[in-house]
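Shown next, in structure tokens, is the structure this report addresses.
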Amino acid sequence: MSAVKKTLVVEQLKRGQMNELLAKGKRLDGRGLLEARELKVFSNVIEKAEGSARVMLGNTEVIAGVKVSLGTPFPDTPDKGLLVVSAEVLPLASPYAEPGPPDESTIELARVTDRGVRESGMIDVGKLVLREGKWVYAVFVDVSILNVDGNLFDAVSAATVAALLTTNVPKYEMKEGEEPKKTEEKIRLPIQTIPLAVTMARIGDYLVLDPTAEEEAVMDARITFVTDDRGNICAGQKGLSGSLSVDQITLAASTAKLKGEQVRAIVKQGAGYVQ
Amino acid sequence: MSAVKKTLVVEQLKRGQMNELLAKGKRLDGRGLLEARELKVFSNVIEKAEGSARVMLGNTEVIAGVKVSLGTPFPDTPDKGLLVVSAEVLPLASPYAEPGPPDESTIELARVTDRGVRESGMIDVGKLVLREGKWVYAVFVDVSILNVDGNLFDAVSAATVAALLTTNVPKYEMKEGEEPKKTEEKIRLPIQTIPLAVTMARIGDYLVLDPTAEEEAVMDARITFVTDDRGNICAGQKGLSGSLSVDQITLAASTAKLKGEQVRAIVKQGAGYVQ
Amino acid sequence: MSAVKKTLVVEQLKRGQMNELLAKGKRLDGRGLLEARELKVFSNVIEKAEGSARVMLGNTEVIAGVKVSLGTPFPDTPDKGLLVVSAEVLPLASPYAEPGPPDESTIELARVTDRGVRESGMIDVGKLVLREGKWVYAVFVDVSILNVDGNLFDAVSAATVAALLTTNVPKYEMKEGEEPKKTEEKIRLPIQTIPLAVTMARIGDYLVLDPTAEEEAVMDARITFVTDDRGNICAGQKGLSGSLSVDQITLAASTAKLKGEQVRAIVKQGAGYVQ
Amino acid sequence: MGKAGGDSAALINEQGLRLDGRRIDELRPIRIEVGILRNADGSAYIQFGKNKIMAAVYGPKEVHPKHSALPDKSVLRCRYHMSPFSTEERKNPAPSRREIEISKVIREALEPALMLEDYPRTAIDVFVEVLQSDGGSRCAGISAASVALADAGINMRDLVSACAAGKVAGQIVMDVDDTEDKEGQADLPIAIMPMSSQVTLLQLDGQLNDEEFHKAFNFALDGCRRVYQLQREALIGKYFGNNGGNSDGGL
Amino acid sequence: MGKAGGDSAALINEQGLRLDGRRIDELRPIRIEVGILRNADGSAYIQFGKNKIMAAVYGPKEVHPKHSALPDKSVLRCRYHMSPFSTEERKNPAPSRREIEISKVIREALEPALMLEDYPRTAIDVFVEVLQSDGGSRCAGISAASVALADAGINMRDLVSACAAGKVAGQIVMDVDDTEDKEGQADLPIAIMPMSSQVTLLQLDGQLNDEEFHKAFNFALDGCRRVYQLQREALIGKYFGNNGGNSDGGL
Amino acid sequence: MGKAGGDSAALINEQGLRLDGRRIDELRPIRIEVGILRNADGSAYIQFGKNKIMAAVYGPKEVHPKHSALPDKSVLRCRYHMSPFSTEERKNPAPSRREIEISKVIREALEPALMLEDYPRTAIDVFVEVLQSDGGSRCAGISAASVALADAGINMRDLVSACAAGKVAGQIVMDVDDTEDKEGQADLPIAIMPMSSQVTLLQLDGQLNDEEFHKAFNFALDGCRRVYQLQREALIGKYFGNNGGNSDGGL
């Protein structure tokens with residue numbers, strides 16, 4: 001019990017210190033409030049995967065791999081390919097991560113990433129059909145989180161998108177009445193836009209961009225917006241048990257658009273992507 | 001530990017008080033030993049379901065919904081449709097209910113309800129076949145228990161039966177070599193009889209009909225019989241860790257027949273069922 | 001905590017006593033270091049199974065049953081039948097066994113047994129094909145462990161092999177464009193060799209054959225080799241948290257070959273197997 | 001979100017009316033009842049369009065296991081669940097990833113309004129059961145749960161009121177229903193504490209440019225405030241009026 | 001239960017004999033062995049027709065986790081399980097809903113006979129493993145478990161003896177086997193404490209009118225009493241006789 | 001193991017070279033990096049042919065639940081896991097029976113080298129994540145984990161070094177890769193503590209006669225010793241050299 005009390009006291013002290021700094025427009029690691037950490041994107045790191053990327057956002061590190069197989073479309077969307085994004089915080093990524101099925105936070109992380117890709121129309125799933133109602137491409141993006149230091153949403157989004165940008169899928173030969181036959185030829189995924197997440201944390205009265213684990217430990221609320229390269233907001237998610245004012249949401253949305261452009265440039269370069 | 005002792009003492013007191021009352025032919029809520037609580041049956045409460053019913057038995061409240069889909073018959077019964085009854089005690093139904101997969105008591109509840117419907121031949125499953133060995137109707141009855149106040153067996157049985165009585169399934173057009181095609185036309189399920197459960201509890205030397213949660217807390221054994229409208233007993237289940245005499249079982253069986261008729265009238269009326 | 005300490009002291013005493021005995025070439029139950037317990041093999045004990053055997057190795061007792069059904073081959077081995085070995089330490093087998101899915105030790109046990117059968121080529125899986133890529137025999141060996149007294153590896157191996165040796169599978173009639181049709185005729189599995197496991201335990205500096213539960217409680221490492229009747233070692237597995245010297249492994253391998261012949265004779269006789 | 005164009009234009013007709021006859025800034029019919037479940041410490045039933053949802057609260061109560069209790073406040077737990085018969089196709093009763101995420105965001109939408117610090121070392125359980133689903137079930141569930149929390153007598157800073165806006169056939173509309181959600185272009189569910197206008201839930205699926213986003217956001221805020229009035233009326237009706245219970249058994 | 005008529009008539013021939021040659025009031029061959037598993041505190045093996053079932057008892061023993069112990073009596077726990085090779089088609093080893101229900105009714109069938117109050121704060125585990133299944137495996141399992149409990153030295157008021165009756169080809173018969181269960185019209189398994197004639201298990205599937213129910217009930221009671229004799233003989237043989245163990249290895 | 005003959009002869013050409021150009025006694029290219037994960041107490045990355053594997057160590061640390069702690073030593077726990085994208089066909093992220101077995105043998109391969117008695121009442125967690133798999137991932141994982149344990153400062157008697165030998169196209173070869181594993185005739189992975197030559201892991205799949213077994217065993221021992229040199233160099237480089245980290249981000 002005394003251990004719990006100590007934690008609370010230490011946390012209060014930290015929160016106090018951070019608020020003092022934020023009032024001066026500064027953060028513990030020296031960044032400005034709307035300044036992100038350095039983002040590094042390396043692609044094709046897993047040769048066996050159809051696409052892959054390793055992303056470092058400060059000390060947060062993730063790897064996304066894309067596997068593509070033949071699949072059967074859902075009965076209610078016979079004219080669309082399959083796209084599934086999953087994530088796992090590997091137990092080697094943090095002293096707090098546990099092996100086992102994803103917890104609610106990791107499910108939320110994967111689902112928000114999935115929605116960003118899906119709702120933006122990044123992949124033209126209508127072109128992933130080999131024979132309507134019967135054979136489609138099934139695209140699985142799996143993200144393994146290797147080191148946790150805050151803002152998994154943006155790191156996982158960047159890795160997912162970079163991995164998809166580098167993905168080559170086998171071309172199939174389709175003959176009437178026969179199963180699809182894999183050929184040696186590879187084709188790119190039908191990319192339509194490049195959606196990326198930008199996340200801010202509210203600590204007391206301040207919104208900060210790209211929070212570290214230390215900042216997340218004291219943040220009150222989290223807000224993520226995914227923007228595409230056509231001026232749209234494609235996904236949004238408020239998180240945690242604090243609230244946000246209407247103005248804070250407006251600020252987060254406009255920041256996401258601005259900063260999203262910068263992230264997009266790095267991701268495209270890291271993925272070697274030329275439209 | 002003292003909490004446990006107190007509970008035991010209180011329980012003993014309650015049991016004592018109840019036995020005194022029962023010896024006078026009375027119950028805590030004023031009913032006679034073979035008197036059931038008021039049963040209310042409302043049907044078609046869930047428009048999206050193919051059939052549904054809400055049942056209140058005193059303060060016990062349950063909703064049954066029927067979903068019908070196309071299915072494949074079991075290999076050893078190619079000439080029979082599918083019928084599955086499931087139940088969940090929702091965590092909002094009681095301070096003791098836990099979210100999660102059904103426990104042994106809820107599994108027993110669903111299986112006894114299922115057997116009553118199945119063994120009575122309520123639904124002529126031979127008529128649920130669209131193409132033998134290939135396409136059949138799959139009828140799923142799910143019962144959500146909303147409030148627990150004793151005698152779930154009879155409430156779940158009444159709700160299940162009422163929901164089935166109101167069920168309309170889509171008619172399918174069957175063409176040689178083609179998959180079944182859903183039409184707008186609706187047909188009733190092929191009803192053959194109306195089976196209903198009647199449950200009694202043994203408390204000390206007495207059998208009481210339709211026990212409340214308070215009575216169940218002190219009951220020694222439970223006995224359920226399902227009777228149909230053709231004079232048959234179709235299912236039976238003794239529950240709990242006490243025993244029953246041969247005479248008590250005989251009494252329970254004859255009571256189930258008698259009271260079953262009354263329940264049947266209410267269920268038919270609530271379901272708007274005319275043979 | 002005192003309970004834990006007592007256990008440790010008792011264990012140390014036992015270990016000391018056992019080491020003293022082993023130094024004299026003796027064991028607690030009077031056996032020599034390289035002497036196995038009596039092995040009894042009874043076959044066809046489960047008439048409903050396609051093959052079965054009950055094996056007693058000292059007080060260790062297991063039953064293996066073989067069920068054979070029609071299956072679909074794996075896409076990457078369309079020309080091979082299916083063979084799966086599973087094991088369960090039934091909770092009635094030991095005060096330490098728990099109901100539930102197999103733990104890591106039981107998974108290891110089943111997988112080593114499976115590898116012995118598979119890698120030796122005991123069953124010619126190429127002959128278990130009814131129609132390439134479509135219909136094959138699926139052979140399931142399940143081993144129920146009834147009483148645990150050490151050396152499950154060898155008992156499970158013997159029971160699995162004996163059950164397979166006695167297995168009769170239904171012959172199927174294959175007509176172009178039709179599903180396989182079961183006939184009354186029975187055929188034997190295509191047996192190519194008879195692989196059997198022989199296990200030794202290292203206790204201190206000594207290797208002992210066929211350890212009892214008492215010996216396993218103090219053993220440092222375990223080594224199992226599976227040999228066939230053609231002079232090959234087909235599978236091996238070192239277990240537990242101790243190490244083995246190169247010489248000890250060499251001894252274990254040669255012992256496995258020698259003793260394997262004796263085990264093979266008993267298993268063949270118990271299974272009534274004539275090549 | 002469905003096809004970003006296509007035949008979705010038919011979702012709004014020339015008169016500016018939607019498929020179910022609503023104007024673009026009109027809510028679906030809403031009915032809220034308070035205290036209808038006997039065992040729960042607090043409960044509410046909401047009909048929101050075709051949504052039929054029960055919410056119940058148990059607590060503050062002892063926490064099991066004890067080490068998951070907090071020394072300075074109550075632990076809020078939340079389960080959003082759909083009955084198997086609540087959807088077009090039967091829903092598997094095991095919690096889906098969607099239900100797990102929605103349970104989380106509902107909890108986080110309610111927590112800012114609750115004075116959990118008044119109940120240290122306890123737990124408060126909120127159960128939201130969707131008996132029939134339509135578009136916007138998470139918003140309807142939050143609104144019902146918030147009323148159930150008030151009915152349970154939990155100390156609250158404010159109610160929480162929720163409503164979605166969306167983009168349908170190129171237009172921003174209030175309160176998206178099932179068909180509009182599936183065929184439309186964007187869905188923006190939010191929840192607020194109406195007295196302070198603090199936002200406690202925000203999600204967005206679809207494609208909105210800046211102008212559309214702000215318009216939709218304001219529509220949703222407005223919807224929340226209308227829901228708030230109905231929540232207040234229901235609570236006043238229960239505690240000061242005479243329309244208690246659901247005696248006629250209809251859902 | 002199968003077709004309520006049809007070709008099931010062939011289940012009883014003109015001589016009144018059943019498919020396996022039994023009369024309508026005849027039990028299948030039964031063999032009971034006591035104490036055949038070394039590690040268990042008590043054990044029994046039963047062959048009941050083609051049923052081959054092991055039962056074992058561990059306890060009274062410490063309870064984990066401790067808070068599930070009871071202050072005034074032992075906790076009885078029971079698992080009925082079928083080995084994967086015990087059935088016509090391979091059975092998935094994970095417990096089915098059927099096995100979970102049967103585990104419950106077996107526990108409730110045994111508990112009235114046990115003086116659990118003699119062992120407060122402990123647990124007694126009963127494991128019933130079906131190595132080969134035939135109709136009536138729950139009854140055979142109860143009968144074996146009851147002998148295993150006696151073998152474990154647990155204080156008992158009485159043994160528990162179980163047997164089913166049923167309706168086959170329009171006639172009430174004793175002790176329904178697998179084919180009769182599948183093709184017949186009703187199955188009524190019961191368990192009793194023979195000295196007091198108290199019924200500790202009763203289940204019914206099928207269709208029986210009043211008269212049939214009472215006839216079947218009496219057949220089942222009679223069957224239980226015959227099983228009781230064999231249970232007693234097996235226990236006497238083990239403890240006072242010379243037919244211990246299962247030295248020939250045959251099942 | 002695959003076809004015990006067949007077209008596997010092509011796995012070694014007339015010059016005695018293998019498909020990837022190696023001689024029969026040659027290891028695949030190996031690269032080891034130390035301390036590349038920030039949060040872990042110790043970590044290592046290994047490339048072993050096409051294997052790309054991360055190993056991380058957390059501990060010694062408190063044990064939860066407490067009753068699983070040991071009074072006289074640390075509890076070593078180990079998870080070997082393959083990322084879904086690490087294999088030809090996507091791997092289901094839930095642990096397979098194969099991964100559970102390999103986690104066990106890796107733990108047992110590492111434990112003899114660890115002075116767990118120096119850390120009573122604690123736990124040490126070892127996580128091995130296969131980002132890309134090739135033949136021999138368990139050996140590569142053990143070698144990386146052993147380096148990560150050293151990096152975490154856990155007291156060790158020795159490193160643990162692992163390598164497999166096998167039989168391919170009738171010949172005994174060192175360090176079997178994926179194709180050789182699938183098409184070859186035997187695989188013999190071992191792990192040793194190099195200073196004492198004690199064997200801590202041995203598994204065998206396939207068919208080897210006596211002579212072949214001994215030759216393969218010696219090949220594998222030799223491979224372990226070569227891996228040992230690379231492990232030492234990596235640790236020396238990290239702690240005494242200047243090639244720290246993985247600053248270029250390449251895997």
Side-chain angles (χ1 to χ4, degrees), chain A residues 1 3-5 7-8 75-77 79-80 84 86 101-112 114-116 118-121 126 192-193 195 220-228 230-250 252-254 257, chain D residues 1-4 67 69-73 76 78 88-89 95-105 107-114 116 157-158 160 182 185-193 196-214 216-218 221:
Chain A
M1 214 177 76
V4 171
K5 274 183 184 157
T7 307
L8 287 173
D76 53 338
T77 51
D79 54 347
K80 285 179 184 162
V84 182
S86 308
D103 63 7
E104 60 167 29
S105 296
T106 311
I107 287 173
E108 182 190 27
L109 171 62
R111 282 179 58 85
V112 171
D114 185 290
R115 285 203 290 268
R118 188 181 304 278
E119 298 294 341
S120 68
Q192 303 189 123
T193 185
D220 299 289
R222 193 193 64 228
I223 178 86
T224 300
F225 282 109
V226 179
T227 60
D228 67 13
R230 302 177 295 200
N232 288 320
I233 308 178
C234 316
Q237 184 92 344
K238 175 254 169 187
L240 298 201
S241 297
S243 58
L244 292 163
S245 72
V246 171
D247 287 351
Q248 284 165 339
I249 284 169
T250 307
S254 60
K257 267 192 86 167
Chain D
M1 299 304 98
K3 310 135 192 174
H67 66 78
L70 296 178
D72 58 341
K73 61 174 184 172
L76 180 66
C78 188
E88 283 303 333
E89 301 295 317
S96 65
R97 288 165 60 94
R98 177 182 168 277
E99 283 169 298
I100 291 169
E101 186 199 346
I102 294 183
S103 295
K104 181 177 189 289
V105 298
R107 189 186 69 229
E108 294 173 346
L110 295 170
E111 185 158 346
L114 301 179
L116 296 179
R157 294 182 180 81
D158 199 350
V160 178
K182 288 204 183 90
Q185 295 139 309
D187 184 28
L188 174 69
I190 72 166
I192 62 170
M193 294 188 285
S196 61
S197 284
Q198 284 282 306
V199 177
T200 67
L201 171 127
L202 180 147
Q203 296 187 290
L204 166 63
D205 292 353
Q207 297 180 21
L208 295 175
N209 64 29
D210 283 359
E211 194 188 339
E212 291 166 341
F213 174 72
H214 290 105
F217 192 28
N218 283 317
L221 286 169

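The structure presented is a predicted model; accordingly, all values stated were derived computationally and were not measured.
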Q. When heavy-atom pairs shorter than 4.5 Å are enumerated against chain A, which of D:D210, D:I100, D:V105 gives the highest number?
A. D:D210
side-chain contact (heavy atoms from CB on, under 4.5 Å) involving [X] - partner list, sequence neighbours excluded:
X: D:L70; answer: D:D72, D:K73, D:V75
X: D:L76; answer: D:R107, D:L110, D:E111, D:L114, D:L116, D:I124, D:V126
X: D:N218; answer: D:L221

[X] to [Y] - nearest heavy-atom pair and separation:
X: D:Q207; Y: A:S120; value: NE2-O, 3.2 Å
X: D:A109; Y: D:L201; value: CB-CB, 3.7 Å
X: D:P112; Y: A:S241; value: CG-O, 3.2 Å

Q. Is there side-chain contact between A:D220 and A:L244, with at least one heavy-atom pair below 4.5 Å?
A. no
Q) Got A:K238 and A:S243 here, is their nearest side-chain heavy-atom distance under 4.5 Å? A) no
Q. Does anything in residues 221-228 of chain A get under 4.5 Å of chain D by heavy atoms, and if so which residues?
A. A:I223, A:F225
[X], part contacting chain D, at a heavy-atom distance under 4.5 Å:
X: A:A235; answer: both
X: A:P102; answer: side chain
X: A:R230; answer: side chain

(Q) Can you tell me which of A:T250, A:T77, A:N232 forms the most heavy-atom pairs within a distance under 4.5 Å of chain D? (A) A:N232
